[in-house]
Colleague: 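For reference, the structure I am asking about is given below.
Nothing here was measured: the structure is a model prediction, and the numbers come from that model.
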Amino acid sequence: MATDVEIVEPLRYGDFISLRSAGTVQGFMLAEGTFHGDVCLAATPLCFDQSLFQICGRRVYSAAQELAAFVKSHQSPEPSGGGEEFKEDEHEEEENSTKTVHEALTRSRDNEEMLNESLELRQFDSGQTVRFGDQVQLRHVNSGRYLTVSTSEVAEAESENIKVFLDTDGSNHSHVAFEP
């Protein structure tokens, strides 16, 4: 006697998914992505590709964050002061030191990016299964941007919710976990 048993394949890194709400407001999470990073909910997407996301492993952003903080802290306008010779030498030394630190942080960020990419390739190639509780990132297929939660903005349509958008590089706010 044959039974009709549906075999469900596990979710794997590299798989493509579409997110659909199952609450009172139903629809697909989608984004145009190329020109605008806004994410919205629509009953039916105009183009199904707008609602496709790829499961990616959790990326590391510590070096990128450190570089961004360094650049931001060194963008203040230079004070205009007297033209004393020792101040020029001091300024030149500080500028050389700043340049050296910037170059080191840039190399560190580039190494971190290569590490992220090699880890992602290994996960995709091995067909590694996503387990409940694993932190992953969702990359929008159309744009290559990462689904990210804003820590400082609220959603336009529903001001009681936080804003979700697509970010080019992703961040620590791009990590999600699937729970049963």
Side-chain angles (χ1 to χ4, degrees), residues 8-20 28-40 45 47-76 93-155 161-180:
V8 179
E9 289 291 321
L11 189 61
R12 300 182 187 283
Y13 288 94
D15 283 354
F16 297 98
I17 64 170
S18 179
L19 301 174
R20 184 178 176 146
F28 290 90
M29 182 181 288
L30 57 90
E32 184 272 328
T34 307
F35 299 108
H36 304 287
D38 297 336
V39 175
C40 65
C47 175
F48 191 69
D49 287 352
Q50 293 177 336
S51 67
L52 280 180
F53 294 87
Q54 186 175 29
I55 303 287
C56 299
R58 179 177 184 243
R59 298 172 71 89
V60 179
Y61 294 101
S62 56
Q65 289 172 336
E66 195 173 346
L67 176 61
F70 178 81
V71 168
K72 185 176 181 180
S73 71
H74 286 80
Q75 286 181 339
S76 61
E93 278 182 36
E94 186 179 320
E95 200 172 280
N96 287 338
S97 173
T98 300
K99 184 178 179 182
T100 303
V101 171
H102 185 269
E103 289 171 351
L105 290 173
T106 301
R107 279 192 309 276
S108 180
R109 186 225 29 221
D110 294 345
N111 289 339
E112 181 179 78
E113 183 62 29
M114 287 189 325
L115 180 67
N116 283 332
E117 288 174 8
S118 68
L119 179 61
E120 187 174 274
L121 282 174
R122 255 186 285 136
Q123 288 173 327
F124 287 2
D125 290 346
S126 69
Q128 186 176 341
T129 301
V130 177
R131 295 173 301 195
F132 285 118
D134 283 355
Q135 287 192 355
V136 299
Q137 290 184 252
L138 301 176
R139 184 172 41 218
H140 188 245
V141 173
N142 260 4
S143 64
R145 295 178 179 183
Y146 293 92
L147 192 65
T148 305
V149 174
S150 172
T151 57
S152 60
E153 296 179 71
V154 295
N161 294 321
I162 55 177
K163 181 176 182 174
V164 177
F165 65 99
L166 297 179
D167 185 26
T168 303
D169 299 318
S171 72
N172 288 334
H173 302 292
S174 303
H175 300 151
V176 297
F178 293 106
E179 300 290 336

Colleague: Can you sort out the partners of Asp38 under side chain to side chain contact (heavy atoms under 4.5 Å, CB included), two or more places apart, ordered by chain and number?
Modeller: Lys163
Colleague: Would you call the rings of His102 and Phe70 parallel, tilted or perpendicular if under 30° counts as parallel and over 60° as perpendicular?
Modeller: tilted
Colleague: Which heavy atom of Phe28 sits nearest a heavy atom of Ser18, and at what distance?
Modeller: CD2-OG, 3.3 Å
Colleague: Drop me the distance from Ile55's CD1 to Thr129's OG1, to the nearest 0.5 angstrom.
Modeller: 12.0 Å
Colleague: Walk me through whether Val39 and Leu147 qualify under side-chain contact (heavy atoms from CB on, under 4.5 Å).
Modeller: CA-CA 8 Å; Val39 175; Leu147 192 65; 3.8 Å; yes
Colleague: For the residue pair Leu30 and Cys40, establish whether any side-chain heavy-atom pair is separated by less than 4.5 Å.
Modeller: yes
Colleague: Rounded to the nearest 0.5 Å, what's the gap from CD on Gln137 to OH on Tyr13? Could you check?
Modeller: 10.5 Å
Colleague: Measure the spacing between CZ of Phe132 and CD of Glu179 and express it to the nearest 0.5 Å.
Modeller: 8.5 Å
Colleague: Could you report the tightest heavy-atom contact between Ser150 and Ile162, atom names first, then the distance?
Modeller: O-CB, 4.0 Å
Colleague: Nearest 0.5 Å, please: how far is CG in Asp134 from CZ in Arg58?
Modeller: 11.0 Å
Colleague: Identify whether the distance between the nearest side-chain nitrogen and carboxylate oxygen of Asp15 and Arg12 falls below 4.0 Å.
Modeller: no
Colleague: Are side-chain heavy atoms of Ile17 and Leu19 found at a separation under 4.5 Å?
Modeller: yes
Colleague: Output the distance between atom CG (Leu138) and atom CE (Met29), rounded to the nearest 0.5 Å.
Modeller: 8.5 Å
Colleague: For Ser143, run the side chain to side chain donor-acceptor pair (under 3.5 Å) check against His140, Arg139, Arg145 and tell me which one passes.
Modeller: His140
Colleague: Do other residues, nucleotides or ligands put more than 12 heavy atoms under 6.0 Å from the CD atom of Glu66?
Modeller: no
Colleague: Looking only at atom types and distance, does a side-chain atom of Gln135 sit under 3.5 Å from a main-chain N or O of Ala177, one as donor and one as acceptor?
Modeller: no
Colleague: Could you measure the distance from the OG atom of Ser51 to the CG atom of Asp49? Nearest 0.5 Å is fine.
Modeller: 8.0 Å
Colleague: Measure across Phe178 and Leu11 and return the closest heavy-atom pair with its distance rounded to 0.1 Å.
Modeller: CE1-CD2, 4.2 Å
